[in-house]
Structure formats: structure tokens, C-alpha cells
Undergrad: 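Below: one structure in C-alpha cells.
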There are 2 protein chains.
Amino acid sequence: MKYNQVTIKDIARELGISPSTVSRALKDHPDISPETKKAVNELAEKLNYQPNIVALSLRQSKTNTIGVIIPEIVHFFFSTVISGIEDVAYSAGYNVIITQSNESLQREKTDIKALFNSRVDGMLISLSRETSSFEHIDSILAKGVPMVFFDRVYDTPNASTIIVDDLSGAKEATQHLIDQGCTRIAHLEGPPNLGITKQRLEGYLEALKENNLPVIPELIVSCPLGTIEEGKLAAEKLLAMAQPPDGIFSTNDPAAMGAMQVIKDSGLKIPKDIAVVGFSNWFFSSLMDPPLTSVDQPGFEMGQEAAKLLIRQIEVKSKENIDPTPETKVLKTRLVVRNSSLKKGKK
Amino acid sequence: MKYNQVTIKDIARELGISPSTVSRALKDHPDISPETKKAVNELAEKLNYQPNIVALSLRQSKTNTIGVIIPEIVHFFFSTVISGIEDVAYSAGYNVIITQSNESLQREKTDIKALFNSRVDGMLISLSRETSSFEHIDSILAKGVPMVFFDRVYDTPNASTIIVDDLSGAKEATQHLIDQGCTRIAHLEGPPNLGITKQRLEGYLEALKENNLPVIPELIVSCPLGTIEEGKLAAEKLLAMAQPPDGIFSTNDPAAMGAMQVIKDSGLKIPKDIAVVGFSNWFFSSLMDPPLTSVDQPGFEMGQEAAKLLIRQIEVKSKENIDPTPETKVLKTRLVVRNSSLKKGKK
DNA sequence: ATCGGAATCGCATACGTTTGCGAATATTTG
DNA sequence: CAAATATTCGCAAACGTATGCGATTCCGAT
């Protein structure tokens with residue numbers, strides 16, 4: 001689009017000097033006399049000169065843009081993360097291009113290529129549910145594009161990652177159920193490809209072991225999509241057992257919610273008969289009836305940290321021309337106790 | 001960032017021809033012989049040539065990028081709209097840069113400038129709650145940047161808008177309450193600057209008049225932020241009245257939700273004592289207890305339509321070099337009836 | 001008056017691509 | 001066989017900016 005914006009050449013012509021001088025004057029280069037600088041700056045101000053970012057990007061081989069790939073935007077946790085990313089990116093002078101994989105590996109591949117072709121300075125990625133091979137990522141990584149993975153991470157020594165302590169969070173949640181007197185605790189397990197799924201399962205198992213509770217395989221139900229619907233199905237299955245559970249720890253909030261609905265409809269009471277704990281602390285969790293206990297993930301902070309890390313890597317790479325060593329950052333979770341799990345009342 | 005991507009020059013050098021020939025060969029220009037085209041295309045394929053989008057943007061004064069300004073991402077409706085925008089933008093070959101105003105006029109101003117400086121080809125904007133003056137928009141509009149406003153629109157003859165039929169939606173919602181037997185219907189009113197607030201109020205009033213119900217000013221309570229907290233306060237105020245309402249139509253779902261909590265805590269029953277209807281049909285509305293009746297806004301579709309309209313305008317402007325005439329598109333709402341308003345049971 | 005150096009600035013080139021125009025070669029025509 | 005035309009390609013400039021290097025000017029010192 002041609003907006004007839006004033007350029008450095010216009011200023012040069014008007015002042016009868018060369019574009020190079022104008023360029024230098026604008027960046028306060030010592031070679032330029034104070035008078036020229038003054039004249040240039042005043043005219044630039046008067047004409048409302050704004051540097052052409054596209055030309056700058058071409059010249060410097062740097063777009064000041066970071067690309068983001070997330071599974072889906074319409075997801076409380078991820079939109080919170082984006083908010084955090086925006087927050088630091090904008091104050092650092094970076095634009096943010098957002099793409100969503102829609103949980104599809106195919107789409108993730110085209111997204112990553114599109115971002116690379118757009119010459120973004122770096123990428124922030126959270127893997128799709130389907131992603132179990134990584135050539136598409138490795139090939140871009142090999143070209144030296146800085147990348148930071150968050151939440152659903154690719155475990156490679158070549159890229160930075162930022163995660164929450166899913167294991168501890170899950171363990172704490174399970175321990176909380178045990179403290180409330182639960183002895184038969186079910187687990188709604190998440191998408192099998194994701195590391196977070198394994199971590200949360202692991203935390204659940206560790207808590208059981210530390211309390212000398214038996215691990216009952218039938219009580220671990222897979223919810224590969226983690227939807228409300230799957231939560232309902234899982235709960236129906238659990239309630240049909242000879243000995244139903246007295247507590248449920250779900251890999252995420254929607255599944256927990258689905259389970260809650262089925263439990264309530266069956267006439268059982270939450271938390272008296274079955275206590276429920278979710279994961280992620282979605283916006284609406286506090287609005288449920290009863291309000292859902294959940295493990296809070298600091299999404300905004302995760303976005304901030306991921307963006308900070310990426311930008312630092314970008315700047316290191318461009319200034320010192322050195323590949324920065326990847327870092328891993330683990331954020332703490334926080335168990336938010338609400339009525340869905342309080343059999344005994346608050347301590 | 002220098003990724004040492006192969007350029008048109010590399011291909012030219014390797015083949016002993018000029019860059020211009022390579023360029024033309026790649027775009028199937030008739031001036032180039034079939035043999036040269038074949039050679040070029042094969043080598044390009046082999047070297048995995050990808051055109052440098054930044055150089056292209058500079059050359060063509062077109063970035064194939066559209067900028068989006070929304071009040072906040074962490075908002076079910078807006079994230080849904082974004083999803084719709086992405087959907088059509090990507091298949092049309094456009095990148096999407098997203099910024100959020102955080103409901104601040106100041107931030108909206110800097111966002112719009114930043115997007116302009118990034119030379120986006122067009123903008124999709126939903127106004128902040130604070131926006132009541134429009135110079136910052138007019139000045140950009142005057143430069144000929146295509147703009148489409150959605151949902152919270154700027155009513156000007158110079159830009160296209162895409163909205164939902166808030167008036168009809170509100171009227172239908174209120175009529176529904178009347179049909180359920182409500183005679184004292186309260187309205188939780190939204191942010192005063194927004195057109196949608198006025199439209200929804202208007203629809204509420206029209207429904208009352210058509211049914212010969214009196215307009216009782218005390219029953220119209222302002223919720224300038226539209227938060228859950230404000231909904232609670234409003235409900236407390238309403239319940240303290242000598243004659244509390246028997247129905248509530250809220251300008252949005254969170255306020256409706258806050259009201260529901262207060263009503264339930266006060267011992268009154270929903271919908272028996274007070275029926276409640278919200279607006280926007282947030283994701284969690286169906287999960288409330290009782291599930292909340294709400295006016296569904298087609299967010300995804302709105303995003304799609306807005307992006308389509310904008311892209312069409314961009315292409316018209318660049319090809320025919322003519323300012324396209326602004327259009328307005330109105331999308332239909334849909335009342336989703338749930339138990340929070342069903343005093344009589346489904347018809 | 002001459003020189004040296006500092007101060008100030010412009011030329012040329014680069015980033016990667018597109019495109020009008022002209023040049024060279026090949027082909028057809030009379 | 002010469003001339004006209006068609007085919008195929010390269011040169012150069014352009015988009016807007018940054019920067020190494022050389023050129024010019026000016027000043028004070030000798």
C-alpha cells in the first residue's frame with residue numbers, strides 16, 4: 001500500500017543534502033555537525049517522518065517480529081499466555097504474529113514454514129496434541145532460528161523451554177485429595193503425546209506411593225482430547241464400577257467439569273461422595289457449582305518469561321553473533337482450593 | 001537475522017544468467033524460454049528457494065499483513081473472532097499481527113500508530129471501552145488505510161463495519177423473559193461509550209413497550225465495566241428494593257453470572273423467583289448452575305466476515321487504485337435458551 | 001604560505017526483488 | 001539474401017535505509 005509517507009530522501013532533497021547525512025543526523029552520528037542535525041531533526045519533526053520499517057528490516061536482516069504457534073487461541077490458558085507475550089514483546093519493540101495449529105500436526109508444519117518465510121526473528125511454540133515427530137522443527141532449528149517452547153515443549157538440547165512444574169502440581173493436588181480423606185482416587189489422563197500428560201500422571205502416582213495407597217489401573221482413564229465430553233464419558237465409566245472412586249484428579253479443567261456434571265446428575269454429592277480437582281484453573285472454574293479446586297498455572301507469567309527469554313536470545317545472537325545456550329525455566333504452580341474438594345472444610 | 005537463505009542471485013550465478021531472468025522464469029513470464037524456465041525451476045526446487053518476503057514487501061509497498069486491535073485477548077468472544085480472522089487471513093496469504101488495547105484509549109492510540117508504522121495493508125479494529133474521541137483513527141483513515149471495525153464500531157461513513165444485530169438480540173431476549181411471565185425486568189447496562197450498550201438497552205426498552213410494560217428507571221442498573229463483581233453489586237442493589245425484579249437481562253454474561261451468584265446466595269431460586277438472561281454466550285455459560293440463557297453472537301463468523309471484507313478492500317484498492325466504498329454487514333444473533341430463564345418449561 | 005589533521009559530508013553499494021526498456025540473437029518473410 | 005519480426009535475455013533503476021570509505025572544507029600550527 002502506498003501511503004506517500006515522507007522518506008529520508010524527501011528530507012535530504014528539501015535540505016539540499018544527501019540521504020546518508022540525513023540518516024546519520026537522525027541517529028546522532030558524531031560525524032554530523034550540530035547545525036545539520038538540528039535542521040534535519042526539525043524538518044523530520046515537522047513532516048512527521050517515520051522510518052519505513054520494511055526497508056529497515058531488509059537492510060538489517062531483522063524484522064523485529066516474533067512468531068507464535070499455539071494449539072488454539074480460544075482456550076483460556078493460551079490466550080493468557082499470549083497476553084503475557086504481547087506485554088513484553090511490545091515494550092521491547094517487537095511485533096507478534098500469531099498462528100494456531102488447531103491441534104493439527106499438518107497445520108503446525110505449514111505454520112512454522114510460513115513464519116520462517118516471513119523472516120521472524122524467533123519463534124515461541126507450544127506443540128499440537130498430534131505432534132510426535134519433530135523433523136519440521138529440527139530443520140528450522142538447524143538454520144539457527146531462535147526458538148522457545150512453552151508448556152507443551154519439545155525436549156531437545158537445542159532449544160529453550162519454559163514449563164510449569166506439572167509433576168509437583170499434580171502431586172500436590174493428589175496429596176490434597178488424600179488429606180481430605182480420599183483413598184480411591186481416579187485420574188483422568190490427557191493426550192498421550194504430551195509431556196505434560198506424563199508429568200501429571202507421574203505426580204499423581206508419586207503421591208499415591210508416598211502415602212502407601214495402591215495404584216489401581218482401572219481408576220486411570222484416558223481422555224486423549226481432554227474435552228468436557230470425554231470427562232463425562234470417563235465419569236460414567238468410573239461410576240459404573242463396583243467400587244467407584246471417592247476422588248478424581250483430572251489432567252485439565254474441562255474434563256473435570258464434564259465429570260462433575262455426570263456425578264451431580266447421578267445424585268452423588270461433590271465433594272462429599274466424590275471430591276474433584278482439575279488442572280489449569282480456567283477462568284470459569286471458580287464459577288462452577290461447587291467451585292472447582294484446580295492447579296493454577298501462571299499463564300501470563302509464562303508468556304512473559306518465554307518472550308523475555310526469546311528476545312534475549314535474539315539479541316545475543318545478533319550482537320555477539322553467537323548461538324546462545326538454551327535455558328530451561330520451571331514455573332511454580334499453585335493449588336487453588338475450592339469447595340469441589342473440601343470434604344473436611346478449610347484447615 | 002541472517003539465515004543464509006538462497007536468493008534469486010544465487011540461482012542466477014549458478015546458472016550463469018541474470019537475476020531478472022530468474023525472477024521472470026519463476027513467475028512464468030512469457031519472455032523466457034521453456035528451457036531456461038525448466039532449469040531455473042529445477043534449481044530453485046533443489047536449493048529450496050523461498051522468496052524473501054521482506055524484500056517483496058519493500059518492492060511492492062505491500063506487506064500482506066493485517067493488523068488487529070482488540071480490547072483484550074483473554075475474552076471468549078474476542079478470541080473466537082480472532083480465530084475467524086486467522087482462518088480467512090491465512091488462506092488468503094496474509095499474516096495477522098495482533099495487539100490489544102487492554103480497554104485503554106492511550107494504548108489504542110499507540111497500537112494504531114505502531115501498526116501503521118509496520119505498514120500493515122489494513123486494520124481490523126474493535127474499540128476500547130474508553131474510546132469516545134476519534135482523531136487518532138481519523139488521521140490514519142485519512143491516509144487511505146483500509147479499515148474494518150467489528151462489534152464495537154466507529155460509526156463513520158469512511159470505514160466498513162461489521163456488527164451483530166444487538167437491538168434485535170436484546171429485544172428477543174427481553175421478549176423471552178416476558179413470555180416466561182416476567183413483568184418486572186431489570187437490565188444490567190454496559191459501558192456507556194459503546195454503541196452496543198445503547199443498542200442492547202434500546203432492544204430491552206422496545207420489548208417492554210411493545211408489551212405495554214412500564215419502564216422502571218430503578219431497574220436499569222449501570223455496569224460500566226461489565227465484570228462479575230459489578231454484576232454482584234447490581235444484584236445486591238436490585239434485591240434490596242421494596243419490589244425486586246422477577247427477571248434480569250444483562251448486557252453480558254459475566255455480569256449475569258455475578259448476579260446469579262448473589263441471587264442464589266440470598267436463597268432465591270433461579271429461574272423461579274428471578275429469571276436471568278445474558279449476552280454473548282460465553283463458553284462457560286452452559287456450565288453454570290443453572291445453565292445460563294444467553295444471546296449467542298457468531299464470533300467466528302464475525303471474524304471471517306471482517307477479514308474477508310478487509311482483504312477485499314485491500315485488493316480493490318491496490319489493483320484498481322480506487323477507494324472502495326465502505327460496507328456494513330449485520331450478523332444475526334441467536335437466543336440460546338437454557339434453564340436460567342425457563343419458568344414454564346420449554347414450549 | 002604550507003601542511004596536517006579534524007570536522008563534515010557525499011558516493012557507492014548493499015539488502016532481495018521486480019520491471020520498463022533496449023539489446024542481442026534467432027526466426028520468418030518477401 | 002536482406003530485411004523485418006519474434007524470441008530471449010540483461011541492464012538499470014527502483015523500493016527506503018544504513019554504512020565503509022573517500023572527498024572536501026576549514027582550522028590552527030608551523
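Computed from a prediction, not measured in an experiment: that's the story for all the values here. By convention in this document, chain letters (A, B, ...) are assigned in the order of the sequence lines, proteins followed by strands, and residues within each chain are numbered from 1.
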Undergrad: Using a cut-off of 4.0 Å between protein heavy atoms and nucleotide atoms, how would you tag nucleotides 23-28 of chain C 5' to 3' with B, S and -?
TA: ------
Undergrad: With sequence neighbours excluded, what pairs up with A:F134 under the ring-ring contact (aromatic ring centres under 6.0 Å, His included) test?
TA: A:Y154
Undergrad: Nearest to the B:D31 side chain among D:dG16, D:dC9, C:dT17, which nucleotide is it?
TA: D:dC9
Undergrad: Could you give the side-chain donor-acceptor pairs of residues 84-91 of chain B under 3.5 Å, partners two or more places apart or in another chain?
TA:
| residue | atom | partner | partner atom | Å |
| --- | --- | --- | --- | --- |
| B:D87 | OD2 | B:Q304 | NE2 | 2.8 |
| B:Y90 | OH | A:I98 | O | 3.4 |
| B:S91 | OG | B:D87 | O | 2.9 |
| B:S91 | OG | B:V88 | O | 3.3 |

Undergrad: Considering residues at least two apart in sequence or located in another chain, which fulfil the ring-ring contact (aromatic ring centres under 6.0 Å, His included) criterion with B:Y94?
TA: none
Undergrad: Looking at residues at least two apart in the chain, or sitting in another chain, which of them share a ring-ring contact (aromatic ring centres under 6.0 Å, His included) with B:H75?
TA: B:F78, B:W282
Undergrad: Please report, rounded to the nearest Å, how far the C1' atom of C:dG20 is from the NZ atom of B:K27.
TA: 16 Å
Undergrad: Quick one: do B:R152 and B:E103 make a salt bridge, cutoff under 4.0 Å?
TA: yes
Undergrad: What integer distance in Å separates A:H29:NE2 from D:dC21:P?
TA: 13 Å
Undergrad: In whole Å, what is the span from the CG atom of A:D28 to the P atom of D:dA18?
TA: 14 Å
Undergrad: Please step through side-chain contact (heavy atoms from CB on, under 4.5 Å) for the pair B:R24 and B:T36, ending with a clear verdict.
TA: CA-CA 10 Å; B:R24 280 188 259 251; B:T36 323; over 6 Å; no
Undergrad: Return the value, rounded to whole Å, for the distance between atom CD1 of A:I32 and atom P of D:dT25.
TA: 17 Å
Undergrad: Quick one, which residues of residues 11-24 of chain A touch DNA chain D with a heavy atom under 4.0 Å?
TA: A:S20, A:S23, A:R24
Undergrad: Taking only residues two or more places apart in sequence or in another chain, which ones pass salt bridge (charged side-chain N to carboxylate O under 4.0 Å, His left out) with B:R312?
TA: B:E327
Undergrad: Using the salt bridge (charged side-chain N to carboxylate O under 4.0 Å, His left out) criterion, which residues pair with B:K46? Sequence neighbours excluded.
TA: none
Undergrad: Can you identify which nucleotide, out of D:dA18, D:dC9, C:dT17, has its nearest atom closest to the B:I8 side chain?
TA: C:dT17
Undergrad: From CG of A:L26 over to P of C:dC9, roughly how many Å is that when rounded to an integer?
TA: 13 Å
Undergrad: Got a sec, which residues hit salt bridge (charged side-chain N to carboxylate O under 4.0 Å, His left out) with A:D10, two or more places apart in sequence or on another chain?
TA: A:R13
Undergrad: Heavy atoms under 4.0 Å, any strand shown: does A:K9 hit a base, just sugar-phosphate, or nothing?
TA: base
Undergrad: Going by side chain to side chain contact (heavy atoms under 4.5 Å, CB included), name the residues that satisfy it together with A:N117, two or more places apart in sequence or in a different chain.
TA: A:R119, B:Q50, B:I53
Undergrad: Please classify the nucleic acid contact of B:S57 as base, sugar-phosphate, or nothing, using heavy-atom distances under 4.0 Å.
TA: nothing
Undergrad: Provide, to the nearest angstrom, the distance between the CD atom belonging to A:Q60 and the P atom belonging to D:dC15.
TA: 20 Å
Undergrad: Considering only heavy atoms, which members of residues 40-53 of chain A lie under 4.0 Å from some atom of DNA chain D?
TA: A:Y49, A:P51, A:N52
Undergrad: Can you tell me how far P of C:dG16 sits from CG of B:D10, to the nearest Å?
TA: 8 Å
Undergrad: Specify the separation, in whole Å, of atom CD of A:E35 and atom P of D:dT25.
TA: 18 Å
Undergrad: At 4.0 Å (heavy atoms only), tell me whether A:L58 reaches a base, stays on the sugar-phosphate, or touches nothing.
TA: base
Undergrad: Would a 4.5 Å heavy-atom cut-off, applied to side chains only, mark B:T161 and B:D155 as touching?
TA: no
Undergrad: Please name all residues satisfying salt bridge (charged side-chain N to carboxylate O under 4.0 Å, His left out) with B:D151, sequence neighbours left out, ordered by chain then number.
TA: none
